[in-house]
Protein chains: 2
Amino acid sequence: METGQREDQRTATERRRHELLEAAERVVLRDGPEASMNAIAAEAGITKPILYRHFGDKSGLYRALARRHTDALLATLRAALDSPGDRRDRVEATLHAYLSAIETRPQVYRFLMHPAETPAADGEKGFDVGRHSAPLLRRMGEDLGEVIAERLDLGPDGPLVARVWGHGIVGMMYAAGDWWLGERPCSRDQLVRMLADVLWGRLGAVDDRAGSQGF
Amino acid sequence: METGQREDQRTATERRRHELLEAAERVVLRDGPEASMNAIAAEAGITKPILYRHFGDKSGLYRALARRHTDALLATLRAALDSPGDRRDRVEATLHAYLSAIETRPQVYRFLMHPAETPAADGEKGFDVGRHSAPLLRRMGEDLGEVIAERLDLGPDGPLVARVWGHGIVGMMYAAGDWWLGERPCSRDQLVRMLADVLWGRLGAVDDRAGSQGF
DNA sequence: GACTGCTGTTACCGCTAGTAACCAGCACGT
DNA sequence: ACGTGCTGGTTACTAGCGGTAACAGCAGTC
């Protein structure tokens with residue numbers, strides 16, 4: 001029959017695509033984001049044009065590769081946001097979830113956060129102008145903003161405030177996490193607590209240091 | 001005399017270097033960070049090998065180019081951190097300084113924040129492992145951490161807390177600023193106030209929305 | 001048997017970063 | 001006057017990149 005045939009074809013090509021993605025992932029995790037299409041094709045046991053037939057573009061491949069991980073990460077963050085406890089518990093759980101993710105798979109994290117796209121000549125594909133990096137950060141910011149808008153009573157400008165906070169808090173998590181991942185100056189628990197402290201206003205509450213000109 | 005000779009030589013080559021940097025800046029600001037060495041050389045009225053004699057490497061050139069701007073930006077941030085007023089005023093002034101900088105010269109900002117390095121093969125130069133992006137963010141985080149450590153009384157773990165906060169707050173400023181610069185959903189004043197609100201603990205203080213499952 | 005749609009290939013293009021080899025001028029010491 | 005360095009500059013090249021055209025084989029459908 002025909003639909004069955006088509007179905008088989010579809011699943012077959014999707015399976016193939018999946019295989020290629022796995023090969024690409026292996027190479028990218030081994031060689032970093034600057035892995036060449038040749039290398040990826042070789043790892044998959046084929047040659048370049050097939051990759052281009054499947055993904056059209058290097059950034060297409062990378063986007064497909066990234067989407068899976070971003071989706072997974074965002075799902076775990078959403079789950080952490082719904083964890084039991086009071087608000088601070090939830091925030092800390094979310095920070096923990098994020099840091100745990102980047103800690104256990106730093107290579108994936110580096111790939112997602114620092115894709116280092118090189119549009120080179122044309123610049124037609126998707127990316128509008130200079131928008132070439134870190135869509136993960138944006139998506140996390142938007143997601144958190146949504147959750148905040150849903151759950152908190154922020155007055156007339158609520159939606160705007162929620163989005164600003166979403167992006168801001170995500171950025172705090174990102175930069176602190178990136179730095180922490182490189183230097184490992186303390187335990188994850190400590191880091192989470194210190195970041196939550198900032199969000200709970202300790203920066204505004206703590207005393208000036210004796211003898212300083214004040215801050 | 002000989003030392004005078006040497007002096008003239010030295011200043012001459014430095015002036016030349018400066019000229020080359022200015023030409024490079026013109027091209028980078030026009031074509032984005034993916035400007036080719038050929039284009040830069042052409043803009044300077046010379047050919048590639050001279051660029052390589054002066055800067056050794058593309059990333060060398062870009063680093064030299066970036067250093068000037070990062071130094072300038074960090075200086076203005078430091079100044080804002082020393083502005084008169086209470087602590088919240090200073091924080092808002094600093095946010096304003098940063099946002100104003102990225103707003104008035106978005107091209108420079110894009111270049112500094114998303115350099116899109118392509119180490120390609122060797123990977124010998126400077127950058128340790130996957131460390132290929134955004135040294136500006138790190139430097140801002142470290143600087144702010146220093147200032148916080150100097151001025152605030154943060155107890156026994158003070159230095160660590162200060163660094164965490166420095167990187168975290170800078171990250172918040174960065175991500176929110178990047179998003180704001182792209183979407184322009186509100187005025188700079190509003191953005192500054194909302195971010196300062198988070199830092200002053202409004203996230204922990206605001207009420208749950210009626211009917212939500214709580215946050 | 002002809003057509004379609006997938007698999008795959010080889011061989012190429014235009015571009016890039018980076019380099020080797022060479023040339024011209026100008027201040028030197030002799 | 002003569003070579004001797006040093007510097008700024010060039011042409012001409014390499015190796016590798018992303019990306020593509022053209023072609024070949026092999027399923028299943030009409």
Can you name the closest pair of heavy atoms from [X] and [Y] and give their distance?
X	Y	value
A/L160	B/C186	CD2-CB, 3.7 Å
A/D31	A/E34	O-OE2, 3.4 Å
B/R17	B/A64	NH2-CB, 3.7 Å
A/R78	A/E146	NH2-OE1, 3.2 Å

For [X] and [N], what is the distance between atoms [atom1] and [atom2] respectively, to the nearest whole Å?
X	N	atom1	atom2	answer
A/R16	D/dA27	CZ	P	16 Å
A/K58	D/dC17	NZ	P	9 Å
A/N38	C/dA11	CG	C1'	13 Å
A/L20	C/dC6	CG	P	14 Å
B/L61	C/dT16	CG	C1'	15 Å
A/Y62	D/dG18	OH	C1'	11 Å
B/H18	D/dG8	NE2	P	17 Å
A/E19	C/dG8	CD	C1'	14 Å

>> Between B/E92 and B/D89 (side chain of the first, backbone of the second, donor and acceptor by atom type, cut-off under 3.5 Å), is there such a pair?
In response: no

>> Strictly below 4.0 Å: does B/R15 bring a side-chain N or O up to OP1 or OP2 of D/dG8?
In response: no

> With a 4.0 Å cut-off, would you call B/D57 and B/R63 a salt bridge?
Replying inline: no

> Taking NZ, NE, NH1 and NH2 as the nitrogens, is one of them in A/E103 or A/R184 under 4.0 Å from a carboxylate oxygen of the other?
Replying inline: yes

>> Taking the ring centre of each residue, are A/F55 and A/Y62 less than 6.0 Å apart?
In response: no

>> Base, sugar-phosphate or nothing for B/H54? Non-hydrogen atoms, less than 4.0 Å.
In response: nothing

> Which angle, rounded to 10°, do you find between the first-five-pair axis and the last-five-pair axis of the helix from C/dG1-D/dC30 to C/dT30-D/dA1?
Replying inline: 20°

>> Can you pull out the residues from residues 41-53 of chain B that lie within a 4.0 Å heavy-atom distance of DNA chain D?
In response: B/I46, B/T47, B/P49, B/I50, B/R53

>> Side chains of B/R16 and B/H54: any donor to acceptor distance under 3.5 Å?
In response: no

